Amino acid sequence: MALYREMIIKGIYPDTYTIPYVLKACAGFRAVEEGQQIHAHAIKFGLVCNVYVLNTLMRMYAVCGIIHYVQKLFDESPERDVVSWTTRIQAFVKMGFAKEAIGAYFDMCREKLRPDKRTLVVVLSACSRLGDLSLGTQIHENICDVCDIYSDVFLGNALIDMYMKCGDADSARQLFHEMPVKNVVSWNSMISGLVQQGQYKEALDVYNDMQRIRLKPDSVTLVAVLNACGNLGKLELGKWVHAYIDKNGIKADGFIGNALVDMYAKCGSIEQAFGVFQGMKFRDVFSYTAMIVGYAMNGEAQRALDIFAEMPVVGIKPDEVTFVGVLSACSHAGMVEEGRKHFEDMSRVYNLEPQTEHYGCMVDLLGRAGLISEAEEFIENMPIEPDAFVWGALLGACSIHGKVELGESIMKKIVTVEPVRDGAYILMSNIYSSANRWKDALKLRKAMKERKVKKTPGCSLIEVNGVVHEFRKGDKSHPKVEELKKLLEEMAVHLRNYGDCSTSNFIS
DNA sequence: ATAGGGTTAG
């Protein structure tokens, strides 16, 4: 850049070779203003009719996120080649306009331009974002016409990612095994893909295979592994990853730091989570959200709200997920007024539209506090259609406060929205049982069987000395189940002595 | 002689 300036000052004109060089540097540093200056030079010296110059200009605006200019340059350019199209498609994908990207791809085909490997990689990433499997499969077939899929790691990786994001883990796995050359991105696509599908154990299996061939994980790998650890309660492995990060001088940047906070919080080590959070140089919405949700999950509502109150001070705007944490913290602590205030602030102060999760949290908040008719009213005034999550929250309130008739009418609504999940049936049958209406409870259990309702076993994970113990409701397979039961009974007796009545049936 | 576009994460 300095050399280029010197050149201009000395009165030497740039040519069609100079401009792409300097523009590449601008794109690398996201220096829009300098890029615009170069753009002005290119116009001044009459170089904008060259495809190379045009394409690098488009690319510079694309990485700086100014899609408007990309489109303008594309429209005005006298000559467009595969690179121009690819750059425009990529710009759409980057800005989250996946549909437009696909549209541009088909326009390109209509203009009788043949896409190459790099175009197809970008188009596949658009399919991933859309989660459109049939479109992705169609592109896969297009690729087979153009070239050999196995001839390019990038293409293979993009295909794995596409199948994973479209929910077809089997095809992704098959492709992965057939690829003759793999790199760390191929492994990462598999591992994070499985994590996104909730197949945490499978993700860790793939990670073990990766270690077996002694391929070094990078920060993308570790973020996915930490995510799996958090969801499986694998604190020991999570700690090991933390040590690995420190030892290998991997930058504890945003992604890694946030993943560590999330992992520790989900594993119940909330103090460790806070330690990592405090040690981070740069914190963003995700760091704060992980901490708030973590505190809420671990029953520390006040600390969740304290962290939330810090956000405007440091100038970080909360997002929808942050508010799920805030509202659930209020709900579990019975802070009705506080919760109401935050719910109102969501749209009024932060311009965020409440989603069904937020309405569900509010119904839960009101319902738990016994304000059932207000909770009902709240649902009636919802601008969006209430889903099973919202009705479920109200049903939960009926279960706590023994409202049988209301429960029955809610049950009817839930069955129409979501007939195959077990949660509501269990709640309702508990309501009947508490009201001594055993016949109705039995009838409901029968209906569950008839409708083939899927049962998700109540389950908790805990790790002791590196071994994960999984407890399912009614499961007696743990080797020390009798000892555990005895201990729990003793604990319940102690707790009741301190005036806690909620422990009577937690031993099951 | 010298130039441009690609995949993975919270």
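Keep in mind that what you see is a predicted model, and the values were worked out from it rather than measured. Letters A, B, ... mirror the listed sequences (proteins, then strands); counts begin at 1.
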> Parallel under 30°, tilted from 30 to 60°, perpendicular over 60°: which one fits the rings of Phe92(A) and Phe97(A)?
Replying inline: perpendicular

> When we call it a touch if two heavy atoms are under 4.0 Å apart, what does Val220(A) touch: a base, just sugar-phosphate, or nothing?
Replying inline: base

> Base, sugar-phosphate, or nothing: which does Lys165(A) touch, judged by heavy atoms less than 4.0 Å apart?
Replying inline: sugar-phosphate

>> Quick check: Phe308(A) with His342(A) (ring centres under 6.0 Å apart)?
In response: yes

> If you look at every strand shown and take non-hydrogen atoms under 4.0 Å, does Gly254(A) touch a base, only sugar-phosphate, or nothing?
Replying inline: base

> Just how far, in rounded Å, is C1' of dA9(B) from CE of Met210(A)?
Replying inline: 13 Å

>> So Thr16(A), base contact, sugar-phosphate only, or nothing? Heavy-atom distance under 4.0 Å.
In response: base

>> For a quick check, tell me whether the side chain of Thr86(A) and the base of dG5(B) share a donor-acceptor pair closer than 3.5 Å.
In response: yes

> Does Arg59(A) make a side-chain N or O approach to OP1 or OP2 of dG6(B) shorter than 4.0 Å?
Replying inline: yes

> Base, sugar-phosphate, or nothing for Thr289(A), non-hydrogen atoms under 4.0 angstrom?
Replying inline: nothing

> Contact class for Val82(A) vs. all strands (heavy atom < 4.0 Å): base, sugar-phosphate, or nothing?
Replying inline: base

>> Just to be sure I understand the rule, does Asn183(A) reach a base, reach only the sugar-phosphate, or reach nothing, if contact means heavy atoms closer than 4.0 Å?
In response: nothing

> Quick one: does Asn227(A) reach the base of dG10(B) with a side-chain donor-acceptor pair under 3.5 Å?
Replying inline: no

> Which of these nucleotides, dA9(B), dA3(B), dG6(B), is closest to any side-chain atom of Gln196(A)?
Replying inline: dA9(B)

>> Any base atoms under 4.0 Å from Asp161(A), or only sugar-phosphate, or nothing? Heavy atoms, all strands.
In response: sugar-phosphate

> Between Phe176(A) and Trp187(A), is a ring-ring contact (aromatic ring centres under 6.0 Å, His included) present by the stated rule, with each step listed?
Replying inline: CA-CA 8 Å; Phe176(A) 179 76; Trp187(A) 288 88; 5.0 Å; yes

